[in-house]
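In what follows, a structure is listed as structure tokens, so that the remarks can point back to it.
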Amino acid sequence: MHEAILTAKNLTKQYGSFTALDNVDLTVNKGDIFGIIGRNGAGKTTLLKILSGLTECTDGEYSIFSKTGEDLRRQRRRIGCLVEEPAFFRNMTARENLKYYCLQKGITDLSQIDKVLETVGLTDTGKKKFKDFSLGMQQRLGIAFALLDSPDLVMLDEPINGIDPIGASDLRDTFFRLNRERDVTLIISSHILSELYAVANRFLIIDKGKVIKDLTKDELDQECSMCTVLRTDNSAKASTVLEDILGISDYEITSDTEIRITQQNIDTMLITKTFVEQGIGVGAVFESGLSLEDYFKKLLSAV
Ligand code: ATP
């Protein structure tokens, strides 16, 4: 049985007459690496800003650690966030910047600074000042900031943005370690599905402020999995033959002339032969799968 660490119902955010978030429901379970995916302007930051307490929702409600309102405010120390960039001092080192935020947050155990710097791979930055950091290093320092005070839940808005492929892979390892070794639940947003696929076990796909899909990694794999595409001159008749003669029921009619069979290990020769015998014109039979980005595009084009 999954233990919900965060639940939200009908979260809505209006900016004047513009609806940035529209009745969003979500549940994040303890131990999840929960990916929020959406293209630019989809509402990812707005959602994370609400959940991290930076802004109020116009409508709807949410609870974290089963707490709301004032009770939740007292639990906020258990949540690490990188939603809006913390203002780092340009002339200070990584360590000095984190020390400043420890003091701000009332964290007295300064040994944490070295631990979080090590976690994000910034141990060796020594005297280098923030102004001389690469974009990737700046992002890492932001993540280190979110990890101060050993949070149980961490929310990161586009943490992999601007980081090169090797850096991104290192960061993913960091997320896995936090999740598996320290039992940290993570919520991570991105506009690139394949980027999150490599790390998340659950996915919330949003567009124009609305939830388009909420699915597990297994479900996502299934949605993108191989299928057999049948192009014929009559999908309706072909579907009857599939079911009544060939006993195939796992399929989807995608157009008047196209059917996609998701059942695996089917005999395509037998299908073609039977269709021809039944007077169905066969244009093409081939195997196809969807890449993650194609799947994402397909979902968004259906909105
Ligand atoms: P991106 O990937 O570009 O960061 P996003 O998915 O994080 O996008 P949001 O930043 O949440 O999207 O914005 C969602 C929508 O709300 C956008 O159309 C944005 O212009 C609008 N929006 C965000 N903040 C405000 C604000 N303070 N006032 C008015 N509109 C806003």
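Note that this is a predicted model, so its numbers are computed, not measured. Just so you know, ligand 1 is whichever comes first in the structure, and atom 1 is the first atom listed for that ligand. Keep in mind that the numbers below use all heavy atoms, side chains included, and drop hydrogens, waters and symmetry copies. Residue numbers start at 1 and run along the sequence shown.
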Worksheet entry | Beyond-backbone contact of F145 with L141, side-chain heavy atoms, under 4.5 angstrom | no
Worksheet item: Do V28 and R202 come close enough that some side-chain heavy atom pair is under 4.5 Å?
Response: no
Response to the item:
Less than 4.0 Å from some atom of ligand 1, heavy atoms are found in residues Y15, F18, A20, R39, N40, G41, A42, G43, K44, T45, T46, E158
Fill in: Distance (rounded to the nearest 0.5 Å) between S190 OG and Y197 OH
15.0 Å
Fill in: Spacing of CD belonging to E118 relative to OG1 belonging to T174, to within rounding of 0.5 Å
10.5 Å
Review item, side-chain donor-acceptor pairs of residues 120-131, under 3.5 Å, at least two apart:
| from | atom 1 | to | atom 2 | distance (Å) |
| --- | --- | --- | --- | --- |
| T125 | OG1 | L122 | O | 3.2 |
| K131 | NZ | N91 | OD1 | 3.0 |

Worksheet item: Step by step, would you call K44 with D157 a salt bridge (Lys or Arg N to Asp or Glu O under 4.0 Å)?
Response: CA-CA 8 Å; K44 305 179 294 294; D157 191 18; over 6 Å; no
